[in-house]
Amino acid sequence: MLEYVRPEDIEKRSFEIISGEIAERGVTLDPKLAPVIMRVIHTTADFDYLDNLKFSENAVDTALKALKEGAYIVTDTNMALSGINKTALSRLGCEAYCFMADNDVAQAAKENGVTRACASAEKASRLSGKPIILVSGNAPTFLIRARELMDSGELAPALVIAMPVGFVNVVQSKELIMASGAEYIAARGRKGGSNAAAAVVNALMYMLTR
C-alpha cells in the first residue's frame, strides 16, 4: 500500500525512516556527525555509509568555520557542483567552482600530460583570501594531485571531502588524503560519487542555515 505523504513532508518522512532503520541496526550516531551521515544515506539510500564514512577529528567544526568565512568550494565534477544548494551557498557568502571545463585547465592538462582533474587541483591552489574546501566525487587524480600540493606547501585546504567512486586508484587516493594531516570527510573504500559528495557539502551548510 502506498504511503500518503504531502509533498512538503517527503524529506521529513524520509529522515524518519532513515532514523528508524539506523535504530533497528543498534547504531547510535555522534550528534555532530549525524546530519552529514544521514544526508548521505538520504541521497544514496545506502546504509553502508554508517560504516565507511570517516571523519577527521575536527572535520565538522573546521568545515563550519570555513563556511562562515565564505569558503571557496572546488569540486572535481560539474555534477557535484550542480548538486550543491545554491540558496544555502548564497546565504553563507560562499563561492563554488568546478574548473574541469575551463580552457586554461584543458590547456595545462594537455601540455603537462595529466588529467584535467590534476590541473583543476592546481588551479584551486591558486585561490587566495578565503578558506578552500575541496570536493571530490569522481576523480582520484584530483585528490592525488591535491595531496602532492599539500605536501609541497602550495595548498592548505580547510577540508577535503574525499568521495570518488570506482576502481582505479580510488581507495588509494582516499587513504592519501586521510594520511595527509588535513581535515577530511572521506568515504573509505570504493563507494562515493558526485551526488554523495554534494550531499556532504549541503549537510554542512544546512547546519548553519536551517
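Numbers here are sequence positions counted from 1.
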Output the distance between atom CD (E148) and atom SG (C118), rounded to the nearest 0.5 Å. 7.0 Å
Return the CD to CG distance between Q172 and L143, rounded to the nearest 0.5 Å. 11.5 Å
For T44 versus A196, what's the shortest heavy-atom pair and its separation? CG2-CB, 4.0 Å
Has M79 got more than 12 heavy atoms of other residues, nucleotides or ligands less than 6.0 Å from its CE? no
Going from OG1 on T62 to OH on Y184, what distance comes out if it is rounded to the nearest 0.5 angstrom? 12.5 Å
Whether K86 side chain and G83 backbone form a donor-acceptor pair below 3.5 Å: no
Test your reading of the model: is there a side-chain donor-acceptor pair from N202 to the backbone of N85, 3.5 Å cut-off? yes
Salt bridge between K12 and D9, side-chain N to carboxylate O under 4.0 Å? no
With sequence neighbours left out, write down each residue that passes salt bridge (charged side-chain N to carboxylate O under 4.0 Å, His left out) with E57, or none if nothing qualifies. none
Spatial distance of atom CD1 (I177) from atom CD1 (I185) [nearest 0.5 Å]: 13.0 Å
Any side-chain heavy-atom pair of T141 and N169 under 4.5 Å: no
Take F99 and D104 through the side-chain contact (heavy atoms from CB on, under 4.5 Å) test and state the conclusion after the steps. CA-CA 9 Å; F99 299 137; D104 58 337; over 6 Å; no
Quick check on the hydrophobic clustering: are V105 and L155 connected, directly or via other members, by side-chain heavy-atom contacts under 4.5 Å? yes
Quick test of your reading of the model: are R145 and E154 salt-bridged, counting only N-O distances below 4.0 Å? no
Decide yes or no for L67 and I73: does some side-chain heavy atom of the first lie under 4.5 Å from some side-chain heavy atom of the second? yes
Would you say Y49 and K191 make side-chain contact, with heavy atoms under 4.5 Å? yes
What I want to check is whether the side chains of S194 and N138 have a donor and an acceptor closer together than 3.5 Å. no
With the 4.5 Å side-chain cut-off for hydrophobic clustering, are L134 and M163 part of the same group? no
Test applied, side chain to side chain contact (heavy atoms under 4.5 Å, CB included); reference residue, L204; option that passes from T209, I133, L159: L159
Roughly how far, to the nearest 0.5 Å, is the CZ atom of R39 from the OG1 atom of T43? 6.5 Å
Hey, does M178 have a side-chain heavy atom less than 4.5 Å from the side chain of E175? yes
Any Lys/Arg nitrogen of R126 or E122 sitting under 4.0 Å from an Asp/Glu carboxylate oxygen of the other? no
Indicate if V200 and L64 have the same hydrophobic cluster label, given that clusters are the connected sets of ILVMFWY residues with side-chain heavy-atom separations under 4.5 angstrom. yes
Any chance you could measure I18, atom CD1, to F47, atom CZ, to the nearest 0.5 Å? 5.5 Å
Transitive ILVMFWY side-chain link M100 to V201, under 4.5 Å: no
Might you point out which heavy atoms bring M150 and P157 nearest each other, and give the distance in Å? CG-CD, 3.7 Å
Do the side chains of I41 and I17 join up, straight or via other hydrophobic residues, at under 4.5 Å, putting them in one cluster? no
Report yes if the side chains of I84 and M205 come closer than 4.5 Å at any heavy-atom pair, otherwise no. yes
Of the non-hydrogen atoms in A119 and A109, which two are nearest, and what is the gap between them? CB-N, 4.1 Å
Would you find a donor on one side and an acceptor on the other, under 3.5 Å apart, between the side chain of S120 and the backbone of R116? yes
Between R147 and S180, what is the shortest heavy-atom contact and its length? CD-CB, 3.6 Å
Provide the closest heavy-atom pair for P164 versus A139 in the form atom of the first, atom of the second, distance. CB-N, 4.0 Å
Which atom pairs, one a donor and one an acceptor, fall under 3.5 Å between side chains of residues 19-31 and the rest of the protein, sequence neighbours left out?
{"residue": "S19", "atom": "OG", "partner": "F15", "partner atom": "O", "Å": "2.9"}
{"residue": "D30", "atom": "OD1", "partner": "K32", "partner atom": "N", "Å": "2.9"}

Between K65 and D61, does any NZ, NE, NH1 or NH2 come within less than 4.0 Å of an OD or OE carboxylate oxygen? no
Do the side chains of K130 and E95 get nearer than 4.5 Å, heavy atoms only? yes
Measure across E183 and A158 and return the closest heavy-atom pair with its distance rounded to 0.1 Å. CB-O, 3.5 Å
Kindly say whether V36 contributes a backbone atom to a donor-acceptor pair with the side chain of Y206 at under 3.5 angstrom? no
